[in-house]
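Numbering of ligands and ligand atoms starts at 1, following listing order.
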Amino acid sequence: MAEHADAPEETPPGAAGSPARTPPEVDRVAASRKAVAARRARASLKRDVSMRVIEPQQLFERALADPTSPAGTMRVPEFLTSLPAIGEGKRDRILEELSISPVKRLGGLGARQRAVLRRFLDARFPPQRARGGRSRLVVLAGPTAVGKGTVAGYIKEHHPEILLSVSATTRPARPGEIDGEHYYFVDDAEFDRLIETDQLLEHATVHNKYRYGTPRGPIEAALQAGRTVLLEIDLQGARQVRAAEPSATLVFLLPPSWDELVQRLVGRGTEGAEERARRLRTAKRELAAQHEFDFRVVNEDVASAAREVVESVQVPSR
Ligand SMILES: Nc1ncnc2c1ncn2[C@@H]1O[C@H](COP(=O)(O)OP(=O)(O)OP(=O)(O)O)[C@@H](O)[C@H]1O
Ligand SMILES: Nc1nc2c(ncn2[C@@H]2O[C@H](COP(=O)(O)O)[C@@H](O)[C@H]2O)c(=O)[nH]1
């Protein structure tokens, strides 16, 4: 039989239709809890792929590595509809083109099916390539609360040779923030003056609220002195820097999962519910633009993420 003409998945022992024993109540409760946990884990993974926190290829490789994992037990149609821009109609056409039955789970695909699905994913979501000839001007961007400030702070502490740019902003200082160290806190008139006198390399209104900008002078001086310069800015700023300085190295910081991102934002406790919702809407748009960057770094652990960011300037183009 051709591989795509999959038989329905085997009925597990003891399932409806088989003459096996009825499990005791305690087993059934445990089994039902396990099933709920597995469904939740799969839903969370699908959210990560649809929010582009993880690449479809990563989920697929996890499924192949462990067919009993949440990724491995995900049905292929569920996986496909979690991918950006694939609805139910497109999903069915893809399944037919790839000759994969809708009852199949990712972890249970045969060799031919794995190969065609991998080819499909690589064509639709091409692996990222860093551009050549990149400079020591490093832009670190990423969604709200992913840990850009934390990673940048770690780099500042452990790599005094790197200049961490201090931005100007019209946002009021948070408790503990120091003028000139965390930001230059300025009013709208002063921010306008900085723009008019061409003192900002880039500037943007972030989360539709306050204005932020990167002072040009200290960066030019540090680059001329041969130092690496790190800008921790938003997506609009990253695009402006790339337009002004095409050789800049662009690094996108990712959370380990969407749920973790939300937890970090809530856990930081610096924004109310309305502002958090606003920031998460921006986060979704920013995550969708990560392919514009040279590198993607997952901030699971601050020290490792910081190391990857620092090393990005040394990584040769692929
Ligand atoms: N690797 C990590 N593991 C766990 N928590 C982290 C990690 N990195 C940062 N955090 C925490 O996540 C929260 C958000 O971090 P941070 O303020 O640095 O984010 P950000 O990307 O600069 O946010 P924003 O863009 O909104 O200013 C903080 O409470 C920080 O302590
Ligand atoms: N375009 C720019 N974005 C900047 C700059 N400095 C910081 N930022 C970004 O703003 C948000 C919000 O920061 P917060 O301190 O209010 O939480 C965050 O994404 C920063 O990366 C800048 O100079 N230009």
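- The shortest contact between atom 19 (O) of ligand 1 and any protein heavy atom is with G147 N, 3.2 Å.
- The pair R278-E275 counts as a salt bridge, with a side-chain nitrogen and a carboxylate oxygen less than 4.0 angstrom apart.
- Between R118 and E61 there is a salt bridge, since at least one side-chain N of the basic residue sits less than 4.0 Å from a carboxylate O of the acidic one.
- Other residues, nucleotides and ligands contribute more than 12 heavy atoms inside 6.0 Å of the CZ atom of R174.
- Pocket lining of ligand 2, defined as residues with a non-hydrogen atom under 4.0 Å away: K148, S167, R171, R174, Y183, E202, A204, V206, Y212, G213, T214, E232, I233, D234, G237, R279.
- The shortest distance between side-chain heavy atoms of V151 and V309 falls below 4.5 Å.
- Using a cut-off of 4.0 Å between Lys/Arg side-chain N and Asp/Glu carboxylate O, D192 and R211 are scored as salt-bridged.
- Looking at atom 8 (N) of ligand 1, its nearest protein heavy atom turns out to be N299 ND2, 3.0 Å.
- Remark: ligand 1 and E260 share no N or O pair separated by less than 3.5 Å (distance only, no angle test).
- What sits closest to atom 18 (O) of ligand 1 on the protein, heavy atoms only, is T150 OG1, 2.6 Å.
- Among Q263, R268, K148, R174, the residue whose heavy atom sits closest to atom 27 (O) of ligand 1 is R268.
- Using a cutoff of 4.0 Å between basic side-chain nitrogens and carboxylate oxygens, R171 and E177 are scored as salt-bridged.
- Classification of E96 and R93 as a salt-bridged pair fails, no side-chain N sitting under 4.0 Å from a carboxylate O.
- S165 approaches P215 most closely through the heavy-atom pair OG-CD, 4.4 Å.
- Backbone and side-chain nitrogen or oxygen atoms of R264 are examined, and one is located within less than 3.5 angstrom of a nitrogen or oxygen of ligand 1.
- Applying the side-chain contact (heavy atoms from CB on, under 4.5 Å) test between L250 and each of R239, R134, R242 identifies R242 as the sole match.
- Only the side chain of R279 comes within contact range of ligand 1, with a heavy atom under 4.0 Å; no backbone atom does.
- Residue G267 places no heavy atom under 4.0 Å from ligand 1.
- Electrostatic pairing of E55 and R52 does not count as a salt bridge here, judged by no charged N lying under 4.0 Å from a carboxylate O.
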